[in-house]
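Order of the sequence lines sets the chain letters (A, B, ...), proteins ahead of strands, with each chain counted from 1. No experiment lies behind these values; they were computed from the predicted model shown.
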Number of protein chains: 2
Amino acid sequence: MPATATLRARDRGPAATRRAILAAAETLLARGGEAGLSIRELCARAGVTPPTVYHHFGDKGALVDRLVDECFAEFDRTFTRRRPPADPVEALRWGFARYVEYGLAHPAHYRLMFQRSTARRPTAAALASYDRLRRRVAAIDAAGRLTAAVEDATAAFWSAVHGVTSLLIAGFWKPGAPAVALVCNAMIAQLTRKEAVHVR
Amino acid sequence: MPATATLRARDRGPAATRRAILAAAETLLARGGEAGLSIRELCARAGVTPPTVYHHFGDKGALVDRLVDECFAEFDRTFTRRRPPADPVEALRWGFARYVEYGLAHPAHYRLMFQRSTARRPTAAALASYDRLRRRVAAIDAAGRLTAAVEDATAAFWSAVHGVTSLLIAGFWKPGAPAVALVCNAMIAQLTRKEAVHVR
DNA sequence: ATCGTCGTATAGCGCCGTTATAACGGCGGC
DNA sequence: GCCGCCGTTATAACGGCGCTATACGACGAT
């Protein structure tokens, strides 16, 4: 059972070739960021030639789109691997911690997912992730503990935790910095309440 | 009095050449973002050849550093062109609005200033801008109206407004979106108070 | 008048993303 | 059992990129 990457492309199925290309792309991304993700270097690692990549993915942007989809899959796993607290507000706070955790563990992936230089419309995987956050916020609202509209609060929560995460990744301050907790706590304190309120 | 850009490099002084290069870089950046900023295209616009650029700036990264300095100068002007409110908390809120305004008016510049792909240590101009925010926060603290340490609150404020701005620029929602005000208001409401408190 | 230095130009290297063209190989029709 | 088709892969090249070895011209010091 030889290693996949050492086989020439002709000796394995197209699906395996696709997977080898994406795996090499992931490696290069993690190693050198978006700038280090070169088609030719990728080809050398995956044992493939450029036209093969273009046959399977179209162009580099589309290849990166598929790579981003894989990133979001791993991102989702960050939230499903462990069980969140039962209390919906605590679940949100727990989600913030997982979010920041993912960004710090995979900074190059995070940049690609949320700060891609060439603007693309969000992929289905990205929208699904955002929807998961919205459902968390809706759960707080359903408990009568949200102090703003669900849509607006969702956007606000994401803004805040994204701001913290991207500045952490950029190295502007260290992981344990008090500002991180300060932002998350402020958003939760302001947009949720401790006890349920029955409107109407 | 002929236009500077139409002159060949030999017919003007080195300082004018430097300025022409930076001006062309600014134009290209605004037009096509970081990806559109190519040395060769820049040379064509500035009436200059590549070695001249490298003679004056060293390499592309250093050229971009100088360009970023110019961006921060314009960024600072955003805050000094108009007078902020006298009340320190209102001045902070006013600063948030100017910050977001700048990001929306110069998205490519903002990306370069705060989301450069190849991490560089902050330039002096960047540190000066951050210090201006810290002084604003310190003024709130001096009035006995800050509920956290100056350093931490400064970092938290910046995180929040940066998160909002970068997602606005990325097009994830529109300028008037309620989330923008929601985040800014939440941070101010949580980290400042309306009346002064004399500790000790 | 000569020389050195500073600013600029010519021409080229090696890398990039991308593609025109062609060769390989499995699979259905005869 | 052979043939031709078509999906997949390879060879080789194009134009553009950042960058640089080298050379040339103007100008001040001697």
Side-chain angles (χ1 to χ4, degrees), chain A residues 2 4-25 27-29 31-68 108 112 116-120, chain B residues 4-25 27-29 31-68 112 116-120:
Chain A
T4 321
T6 61
L7 285 174
R8 295 293 88 176
R10 283 249 153 84
D11 303 332
R12 65 190 168 205
T17 299
R18 260 187 83 100
R19 257 178 285 126
I21 290 170
L22 279 171
T27 302
L28 281 181
L29 173 65
R31 206 163 292 201
E34 191 172 2
L37 212 168
S38 128
I39 298 277
R40 304 170 100 104
E41 176 79 12
L42 179 158
C43 287
R45 281 176 186 272
V48 148
T49 55
T52 302
V53 176
Y54 286 88
H55 173 75
H56 282 291
F57 294 96
D59 68 353
K60 190 182 183 182
L63 165 64
V64 173
D65 279 345
R66 296 292 74 76
L67 186 54
V68 165
L112 212 58
R116 190 117 67 105
S117 46
T118 64
R120 298 222 159 204
Chain B
T4 320
T6 62
L7 285 176
R8 295 293 89 177
R10 283 247 154 87
D11 304 331
R12 64 189 167 207
T17 298
R18 260 188 84 102
R19 258 178 283 126
I21 291 170
L22 278 172
T27 301
L28 281 180
L29 173 65
R31 205 162 293 202
E34 192 171 1
L37 212 168
S38 129
I39 298 278
R40 301 169 103 103
E41 176 80 11
L42 179 158
C43 287
R45 280 175 186 273
V48 151
T49 54
T52 300
V53 175
Y54 288 90
H55 172 74
H56 282 290
F57 295 96
D59 67 353
K60 191 183 182 180
L63 166 63
V64 173
D65 280 345
R66 295 292 73 76
L67 186 55
V68 166
L112 212 58
R116 191 117 67 108
S117 46
T118 64
R120 299 223 157 202

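Heavy atoms from other residues, nucleotides or ligands lying under 6.0 Å from CZ of A:Arg120 number more than 12.
For the pair B:Ile39 CD1 and C:dG12 P, the computed distance is 21 Å after rounding to whole Å. In this structure, CG of A:Leu63 is placed 10 Å from P of C:dT18, rounded to the nearest angstrom. Atom pair A:Asp59:CG and C:dT19:P shows a separation of 8 Å (rounding to whole Å applied). Remark: P of D:dG15 and CD of B:Glu41 are 17 Å apart, rounded to the nearest angstrom. Rounded to a whole Å, the CZ atom of A:Arg40 is 11 Å from the C1' atom of D:dA12. With rounding to whole Å, A:Arg18 atom CZ is found 11 Å from D:dT9 atom P. The CZ atom of B:Phe57 sits 15 Å away from the P atom of D:dG18 (whole-angstrom rounding). B:Lys60 places its NZ atom 8 Å from the C1' atom of D:dC17, with the value rounded to the nearest Å.
Nucleic acid contact class of B:Leu37 (heavy atoms, under 4.0 Å, all strands): sugar-phosphate only. Residue B:Ser38 is in sugar-phosphate contact alone, with no base atom involved, counting any heavy-atom pair closer than 4.0 Å across all strands shown.
Residue B:His55 places none of its side-chain N or O atoms closer than 4.0 Å to OP1 or OP2 of C:dT8. Taking 4.0 angstrom as the limit, B:Thr49 places none of its side-chain polar atoms (N or O) nearer than this to OP1 or OP2 of C:dT10. Between B:Thr17 and C:dG7 there is no side-chain N or O to OP1 or OP2 distance below 4.0 Å.
Of all nucleotides listed (D:dT9, C:dT18, C:dA9), D:dT9 comes nearest to the side chain of A:His56. Of all nucleotides listed (C:dT19, D:dC19, D:dT9), C:dT19 comes nearest to the side chain of A:Tyr54. Among the nucleotides D:dC19, D:dT8, C:dT19, the one closest to the side chain of A:Pro14 is D:dT8.
Contact detail for A:Arg18 and A:His56: the closest heavy-atom pair is NH1-O, 3.2 Å. Closest heavy-atom contact between B:Glu34 and B:Leu29: N-CD1, 3.9 Å.
To the nearest 0.5 angstrom, A:Arg66 atom CZ is 13.5 Å from A:Ile21 atom CD1.
Two residues are said to be in side-chain contact when any heavy atoms from C-beta on lie closer than 4.5 Å; A:Leu42 and A:Thr27 fail this criterion.
Mapping A:Gly58 and B:Pro51 onto DNA chain C by nearest heavy atom places B:Pro51 at the nucleotide closer to the 5' end.
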